[in-house]
Structures are given as structure tokens and as C-alpha cells.
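Written out below as C-alpha cells is the structure these notes cover.
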There are 4 protein chains.
Amino acid sequence: MPKTGMEPIRRKALIGATIAEIGALGSLDVTMGKIAKRAGVSSALAHHYFGGKDDLLLAAMRHLLMQLGLSVAAELKQAHSPEQRLAAIINASFADSQFSKATVSAWLSFYVQAQSSVRAARLLRVYTKRLHSNLVYDLKKLTGPGRADETAKAVGAMIDGFYIRHALQGHALQRDEMIGIINRYWRLSIVA
Amino acid sequence: MPKTGMEPIRRKALIGATIAEIGALGSLDVTMGKIAKRAGVSSALAHHYFGGKDDLLLAAMRHLLMQLGLSVAAELKQAHSPEQRLAAIINASFADSQFSKATVSAWLSFYVQAQSSVRAARLLRVYTKRLHSNLVYDLKKLTGPGRADETAKAVGAMIDGFYIRHALQGHALQRDEMIGIINRYWRLSIVA
Amino acid sequence: MPKTGMEPIRRKALIGATIAEIGALGSLDVTMGKIAKRAGVSSALAHHYFGGKDDLLLAAMRHLLMQLGLSVAAELKQAHSPEQRLAAIINASFADSQFSKATVSAWLSFYVQAQSSVRAARLLRVYTKRLHSNLVYDLKKLTGPGRADETAKAVGAMIDGFYIRHALQGHALQRDEMIGIINRYWRLSIVA
Amino acid sequence: MPKTGMEPIRRKALIGATIAEIGALGSLDVTMGKIAKRAGVSSALAHHYFGGKDDLLLAAMRHLLMQLGLSVAAELKQAHSPEQRLAAIINASFADSQFSKATVSAWLSFYVQAQSSVRAARLLRVYTKRLHSNLVYDLKKLTGPGRADETAKAVGAMIDGFYIRHALQGHALQRDEMIGIINRYWRLSIVA
DNA sequence: AATGAATGAGCCTTCATTCAT
DNA sequence: AATGAATGAAGGCTCATTCAT
């Protein structure tokens, strides 16, 4: 067994364990010890690779953000019209990888943390802005710029709102239903 | 000289301090000591009146819920048509009393806590259901029951979503804009 | 047993335990836990009353400084000539209360800490300056101001130097011998 | 490609880094990691060559002692009378190599460590005795053995005391002033 | 009615040290 | 010759909670 090159492996494992732990606890009140144990290493190692708890949490957040970005990119690749692109963006937000209990919990927790952590807030704003400009970009082709902005805001709020309800109501809402509601909304909105 | 009848005064003060402290911190990582100090009493007294931290937090949540209920009732009193009633319900969610930084922070934090606390989850579900059935009740008069349910879900999600964004983006969004978007949405939806 | 008014008692006990612990260990590598245990309380209480380790250490230092001040004042009360006053000042530095192993160890440790702690350095400078000006005040009456300054510096250095050697050589040096050497020095110096 | 004959180079580098680090920190609260990094090697290597932290610290101390010995020898080579020899010994204690911030800090720290480490105490006693007998050797030629012993003790205390003050008062004292005071002292003392 | 006193438990973090390569 | 990987142990600090008054 090679003793070198463990760093990326450990980092990945620790980030995964962080998200899993947040999902299991349903909050950011996770301990380095528990995360490390879940990743199969000592808590000292987690500090060694990440510097501290905040940094590990942020790294996990960045990971989530990146995954979402990949998800969007993948869906967009198969979209060939503004309408298809809009559906793709919304689909990506509810992709499997984004819709597991752990991931939803983590996102929700990060929302809260963003209120007290500047760095977390910055990261989240990246997500919000990216989503918004993605939506506006295609909506503008289908309607005026004013309506596009408003519709994009509403769609963003709906996505986040459904996330909350999903986490809250024991995942009782069907994914397709949420997607359907949102899609029907913007179709309605652009012709209004 | 110990005074009599202090209990309700202390309870109110402590609940107010709890919400204020959550607002100041932006999270539920709030200490009994800080809350008690803010309320001008010892932390031992907070325990005396509420039993423990969880109970105090729950009581604060219940207070928020009640305030929202009152807000809705007040707005509904002046509404005389289904359309007016729907606008009133939405207005209530964004009433001054519900829209301060502290209150928004507290709500958001309670969302998260609901993932790990059965009691908190139960309370939040009361809110969700009440809002939903309130909306459905009036929407049904304007459209079919199927559409009413879907529209109510979407409106609920939008309200929560805008809450998040409000807390997140430094309260940059205008209240009237959010209300307008939501109202336009259900008007559109019921005629679709 | 009265439950109130414990604070001064605990503070005193903790400061005493701090000095004792430093003496026992011979360094500032002392733990809050050990100190607290020696004082018969929990480490949490030590934090409660002092805020943190640094503050407790500084408080102990201040205590030492104050004790030395009292020692000097007591000796000076019985001195009625410059010569007697000089002897009194030197005597005070080697008074019983200043000359126990624990106290000497603590002083020595504080010297070192003063290199990295601004607050410790400030406190020590108070001591250094006070001693110097005390000495100069009386020396000036016996000799010129230039000689007085130099002699005072030398006497100060000798006191500190003997402290070190005392701590170092297992307290092999006799107190009277040290006092004698120093006293003979300044008597020699002022007539030179 | 592993090189051969690196051991003495690494040892020297590590000892130098140790003293530098102590100087930078102003205390012995120095970590193997930092020392190793300063020396440009891994902390594992420091252990490999020295066995442990205590041993590295002791080695650094021995290095300081040796340097002082060389300094004394060098100065003595040009001294041809007891008086010149005494001045030479004192000069050596304040030679450049002994008087840098790092070195002074290290010496002071070692004084403290000697209270808890038998080996450190032993080393320091070597220094103390060597200095004392060096001084006595020449003083005896100029005065009686009783006076010689006392004067040597006082000179030793003064040297250590000035060291402390030098470290303490931000190196405000001039080297020549200290040397002058000490030299005037023993000249005075032997004729008394 | 209210509080000062006190603590146990737990968490983050640091660090010397070991080991396989 | 040298290091990355990894950890156990320990310390400072916080906090909810209890209790006697």
C-alpha cells in the first residue's frame, strides 16, 4: 500500500464525511471528531489537511457548489433552445446528486451559516447570482428584460423554497411535481 | 424584596431576548447566558421558567408562530373577497413584525432546527399546513381544486424562498417587489 | 456555609495555587486544570473568575509585584537615613515572602514571559523602574547623580542575577551573603 | 538521490534554527515543526537526528555554551595580565555572538528550563562554575581568596542580571555601559 | 422571586512522536 | 537520507445545567 499521495483521497473522504454528518445531524453542529471518525481518520488529520473546522465546512460547501455547477453544465449540454435550457437549469437543481437528504440538509445549513460567516455568504452569493444570470440569459430571449428579471427572481425563490419544504416535510414532495410547478410558472410568466 | 406576578413579564422578556439574540448572531448558536443577560436576568432564572434551552427556543418559535397568526387574522379582517383574502395572507407574511432582521433570522434558524428536533418540526408543520389550507380555501373559489393545491404549494415555496433571500442578500430585496411577484403569480395561475 | 461572597476567596486561592504550581513545575508550563485542582475548584471556575489563562498568570504576577511593594514599604518604615533606606530596599527583595522557591521560580518565569507578552513586559517594567528610582532617590543623597544612576543599575542587575542563581543552584547561596555583597557594593561605589 | 555526509550539516542547521526560533518567540514554547521548517527539513528528520525535542534543546544549549567558551578563549589569548584577563572574560560574555536577541532569549529560557530539567541544570552549572573559577583564578592574584570568591560571585550575578535586563528592556542598555560597570566593580572590590 | 456558585462534559486545536517508504 | 502520513494525548475554553440560599 503506497504511503504517499493520500492527501486528495483524505480530502475527498473528509468532505464527503462532512456532508454526510451534516445530513445525519440536520445541522452544522457537527464535530471534527465525528466527521473524522466517519472518514476513518483522526481529528488531528482533518486539521492537518484543512486547517480548522471553518475551512472544512467551507470546503464542503464549495464542493456542493461545484457539483451543482457540473450538474447544470451537464443538463445544458443537451438543451438546444431557450425553453429547453431553462428546463435544464431547473432540472439540475433537483438532480439526484443535489436532492439527497444529506445534500439538502447541508445546503439549508449553509444558508443559515451565511448569516454569520462572511466567507459562507460570499460563496452562497456566487450560487445565487449564477443561477439568476443563467435564468435571465434565456428568459430575455423569450420576453422583455424587465419581466425576465422578475421571473428569474421568482424562480430562484421557488427553488430555494421547495428545497426548504423538501428538507422539512420529510421529503414528501415529489421531485417531478416541484419541477413541473416551476416550469409551468415561467412559461406562464413570459407570455403574461 | 421579591415581587409577585413577575412570571409573565420574565417569560416575555426572555422570549424577546432569545429572538433578538438569534437575530444578532444570525444562528441558533446562542447561549443561555447571553439571552439571560440581554433580558436582564440570571441564566438560572431562564432555566427556572423554561426548563432548559430547547424549551426556551421552542417557546420563542411558538411566539413567532402566534405573531404570524395574529398578523394574518388582522389582515383578513379587512378582506371581503377571495382575491383580497389571498393578498391579505401574503401581506401578513411580509408584515413589519415578520420582516425584521431578527425575526427572519429566527425563522430561518428554526427551519434548520426542525431537521433535528421533532418538536420544532411539528411546530413548523403547523405553520406550513395552516398557510397551505388558508391559501387553498380561497384559491378553490377561483379555480379548480387541482390547480388550487398546486398554486398554494408554489406560493408557499415562494414565500419561504424570498425569506431566505431576504436574510441572505442583506435585505436587498424590496418587500413590495416580493409581494407583487407572488400576487401576480397566483392571479396568472388561476386563469391558466 | 454561606454561598455568597466566595469570589475574593476563590481569587486568592487560585492566585496562590498558580504561584505554587509554577514553583512546583519550575516553569509557566502550567495547566489551568492543575492549578484549579490545587485550589480545590474546577478549571471552569478559574475561567469564570479570571477569563483565561493569561489573565490568571498576569493576576499572579501582579500579586507578586504587590507583595514586593508591601515588603519594601514595611522595611522602609523603619529606615531613617539614606543608608538605612538603601539597605531596607535590598532587604525587601530578599524577604522571606519573596525568597521561597515558588516565588523565585515564578519571578524567573515571568521574566521569560515578558519577552512574548506585552502585558507581562509592562508589569515587569513597573517593577524595574520602581526599584531603580527607589535606589536612585537615596543614592543621589550620598553621591553625584551620574554615579547614583550607574550604581542603581548595577544593584538592580545584582539582585536579579542573584535571584537567578538562587533558583538555579538549588538555593545554595545564603541570603545574608547576597545581601552583604550587594550592600558592600553600593557603599564602595558611592565613595569611589 | 540521497547525499552522504549530510548529518553534520543538518545538525548545525537544526541547532541554528532552534536558537533562532527561540529568539523569535522569546520563549521555549517552540515547536519541532517550526524549527524544522526554519531549517528547511521535515520535523521527522529533526527527530531522526536528535531523538526528541528535549535532546534538540539540550544540543542547542550545549552549542551556546561552547560558543561562549570559544569566545572566552579568544579574548584570553590577547590578555597578558590578571587585570586584562578579567576584562577579557567579561568582554567575552558580552561579545557579539552572545549578545544577539536570539542568543540572549535562548540563555534566559534555558535558565528557566534548568529548574525542571536535570540535564539542563547540569549544563548550566558547568557554565556557572567555569565562569566562577575563571574569575576567581585571576582575582586571587590581585586580592585575598575570600574577597576573590565574593567578588567573583558578584560579577557573575551582575552578568546574568544584565542579561535579563537586556532581554527585558528591549535591549536599551548599551553594551559598553554594562561592561564598564562590571569592570569598575571588581577593580573597586579588590582594593577595598 | 432570583441569583451566585459551581461543575461535568465536550469541542477545537496543537504537538511531539512514530512508521512505512 | 528524508519525508509524508498519521495519531494519541493533552490543554484551553465554553456552556447548559444544578443547587443552596
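Quick caveat: nothing in here was measured; it's all calculated off a predicted structure. Every chain is numbered from 1, with letters handed out A, B, ... down the list of sequences.
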Inter- and intrachain pairs under salt bridge (charged side-chain N to carboxylate O under 4.0 Å, His left out), touching residues 47-56 of chain D, at least two apart: Asp55(D)-Arg119(D)
Stems formed with participation of DNA chain E [Watson-Crick or G-U wobble, under 3.5 Å, three or more pairs]: E:2-21 with F:2-21
d(CE, Met6(A); P, dC19(E)) in whole Å: 18 Å
Salt bridge (charged side-chain N to carboxylate O under 4.0 Å, His left out): pairs with one or both residues in residues 27-43 of chain B, sequence neighbours excluded: Glu21(B)-Arg38(B)
DNA chain F-proximal residues of residues 105-112 of chain D, any heavy atom under 4.0 Å: none
Test item: Ser117(A) side-chain N/O and Ala114(A) main-chain N/O as donor-acceptor pair under 3.5 Å: no
Length of the line joining Leu14(D):CG and dA1(F):C1', which is rounded to integer Å: 13 Å
Thr103(A): side chain to side chain donor-acceptor pair (under 3.5 Å) partners, not counting sequence neighbours: Ser100(A)
Sugar-phosphate only, base, or nothing, as touched by Glu7(A) at under 4.0 Å among non-hydrogen atoms: sugar-phosphate
Value in whole Å for how far the P atom of dC15(E) lies from CD of Glu21(D): 11 Å
With sequence neighbours excluded, residues passing ring pair (Phe, Tyr, Trp, His ring centres under 6.0 Å) with Phe50(C): none
Side chain to side chain donor-acceptor pair (under 3.5 Å) involving Tyr127(D) - partner list, sequence neighbours excluded: Asp160(D)
Set of residues satisfying side chain to side chain donor-acceptor pair (under 3.5 Å) with respect to Glu7(C), sequence neighbours excluded: Arg11(C)
Short side-chain N/O contact to dG4(F) OP1/OP2 from Arg10(A), under 4.0 Å: no
Set of side-chain contact (heavy atoms from CB on, under 4.5 Å) partners for Ala39(C), sequence neighbours left out: Ala13(C), Leu14(C), Ala17(C), Val41(C)
Trp107(D) and Leu65(D): CA distance, side-chain angles, deciding distance, side-chain contact (heavy atoms from CB on, under 4.5 Å) verdict: CA-CA 9 Å; Trp107(D) 271 105; Leu65(D) 222 45; 3.2 Å; yes
Contacts of type salt bridge (Lys or Arg N to Asp or Glu O under 4.0 Å), residue Arg10(D), not counting sequence neighbours: none
Within residues 22-56 of chain B: residues closer than 4.0 Å to DNA chain E (heavy atoms): Val41(B), Ser42(B), Ala44(B), Leu45(B), Tyr49(B)
